Protein chains: 2
Amino acid sequence: MARRFRGESHHKVDNKGRVSIPASFRRVLEQGDPSYTEGLNPELVIVYGDHRRNYLECYTIQAINEVDLKIDALPRGSMERRMLQRLFHGQSFPTAVDETGRLVLPSKLRTKIDLESEAFFIAAGDTFQIWKTETYETEELAKTEAWLDKLPEDFDPLVYLDNMGQE
Amino acid sequence: MARRFRGESHHKVDNKGRVSIPASFRRVLEQGDPSYTEGLNPELVIVYGDHRRNYLECYTIQAINEVDLKIDALPRGSMERRMLQRLFHGQSFPTAVDETGRLVLPSKLRTKIDLESEAFFIAAGDTFQIWKTETYETEELAKTEAWLDKLPEDFDPLVYLDNMGQE
DNA sequence: ATGAATGACATGGGAATTCATGGTAATCAA
DNA sequence: TTGATTACCATGAATTCCCATGTCATTCAT
């Protein structure tokens, strides 16, 4: 089974904040939760960040543990450590998938990203993101479009796959 | 269940100094108290430090035990040991959560951090902090802003997670 | 092949429980 | 005895739990 999220999809959000997680994402969450076993509900951590961020980033337990280890390795009292602690320990919300495969987003989180009736899930490597559909379309897509527009007509982004570690 | 605190939230403080602890923090306090059992109230230790510190740092019993062990390992009579003893043994306050999930902050502690009607709780790894809401907003956030301003426009603090152990 | 049975998935509703918060009475210490 | 601390009770709002339904895609027996 894959350890990485892949794919994107739209899901309804009801007025209790419940929203289905794409089934394939659930498999990854299960894999990434050391204490998960058949029949249980995988846990995960939602990092929402400060006011500048308008989406939710979801981490498997494994992924967040790795982050924690890195934070612990930074010198106590350093600004870097404080910043990261605030983000990953403070501005985050630990939760679990429920038995019907849903996540419950408390209104605090929904309000933060202005989520109403539909959420957009998109994989991002070892995490996935939850956006308000409209936000994603207007902001993210526009941003990428603009970026691509600056490049030559026939530019292929795949070149980035090749020249790595040499610049 | 997690042994680490995660999340942040605001809570009312009444004129008796009572304040609800975020429910998820309570779960961690329960986990971290060796003598806790279902139905009991978990204990914890609040470290308030000297006059320079304007927030309260809360430790689970386990966490404070680990600190104690480390202090015991320092040479008797050393300055380091004395300093740490003053902080963790002297400038601290052992207490317990009450049956309704609240903490009672004696006026000495409230005065120290100038706490009035609202407290801000924020996780910090294996401890959590209690701030006066306004203090946190003006001091902590301002400090971060200032720090971020010194960095390049498009700098992402998350790089600190990656280039570790190589500089 | 084909209609029926199976099972995972997305979504909804209501009841039961937990939470955050406030008030009052009882207890304590000086 | 008086101000403070602790124990008890109360309540609305939010959250969790449990159950139900519709839709696919897959399997299976005929």
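Chain letters run A, B, ... following the sequence lines, proteins first, then strands; residues in each count from 1. For the numbers below, each heavy atom of this structure counts, side chains included, while hydrogens, waters and symmetry mates do not. Just so it is clear, the model here is predicted, and its values are computed rather than measured.
- In summary, the aromatic rings of B:F128 and B:Y59 are positioned with their centroids too far apart to meet the 6.0 Å limit.
- In the 5' to 3' direction, nucleotides of DNA chain D lying under 4.0 Å from heavy atoms of chain B begin and end at D:dT6 to D:dC9.
- When the P atom of C:dC9 is taken as reference, atom CZ of A:F25 falls 14 Å away, rounded to whole Å.
- One interatomic measurement links the two molecules: CD1 of A:I21 to P of C:dC9, which rounds to 12 Å at whole-angstrom precision.
- Distance check, rounded to the nearest 0.5 Å: CD1 of B:I46 to CG of B:L105 gives 5.5 Å.
- Hydrophobic clustering, with ILVMFWY side chains joined whenever heavy atoms are under 4.5 angstrom apart, keeps B:V45 apart from B:L109.
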Let me have the donor-acceptor pairs involving side chains of residues 116-126 of chain A, under 3.5 Å, with sequence neighbours excluded, atom names and distances please.
| unit_1 | atom_1 | unit_2 | atom_2 | d |
| --- | --- | --- | --- | --- |
| A:E116 | OE1 | A:K132 | NZ | 2.9 |
| A:E118 | OE1 | A:H10 | ND1 | 3.4 |
| A:E118 | OE1 | A:T133 | OG1 | 2.9 |

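- Of the N and O atoms on the side chains of A:Q62 and A:D33, not one donor lies less than 3.5 Å from an acceptor on the other residue.
- Remark: A:H11, A:K12 in residues 5-12 of chain A come within less than 4.0 Å of DNA chain C through at least one heavy atom.
- With sequence neighbours left out, B:Y48 forms a ring-ring contact (aromatic ring centres under 6.0 Å, His included) with no residue at all.
- For A:R110, there are no side chain to side chain donor-acceptor pair (under 3.5 Å) partners two or more places apart in sequence or in a different chain.
- Projected onto DNA chain C by closest heavy-atom contact, A:A23 and A:D14 fall at different nucleotides, the more 5' of which corresponds to A:A23.
- Side-chain atoms of B:T60 come within 3.5 Å of backbone N or O of B:A63 as a donor-acceptor pair.
- Using a 4.0 Å cut-off between charged nitrogen and carboxylate oxygen, B:K16 and B:D14 do not count as a salt-bridge pair.
- Between A:R26 atom CZ and C:dT11 atom C1' the separation is 12 Å, expressed in whole Å.
- Here C:dC9 presents its P atom at 14 Å from CG of A:N41, a figure rounded to the nearest Å.
- Atom NZ in B:K16 sits about 11 Å away from atom P in C:dA25, given to the nearest Å.
- Within residues 102-120 of chain B, no residue has any heavy atom closer than 4.0 Å to DNA chain D.
- In this structure, B:K112 does not pair ionically with B:D50, as no charged nitrogen and carboxylate oxygen lie closer than 4.0 Å.
- Between the CD atom of A:E99 and the P atom of C:dC9 there is a distance of 15 Å, given to the nearest Å.
- Distances shown here put a side-chain N or O of B:R27 below 4.0 Å from the OP1 or OP2 atom of C:dC19.
- Between the CZ atom of B:R18 and the C1' atom of C:dA20 there is a distance of 11 Å, rounded to whole Å.
- Here C:dA20 presents its C1' atom at 11 Å from CZ of B:F121, a figure rounded to the nearest Å.
- Using modelled atom types, one finds a donor on one side chain and an acceptor on the other under 3.5 Å when comparing A:R86 with B:T144.
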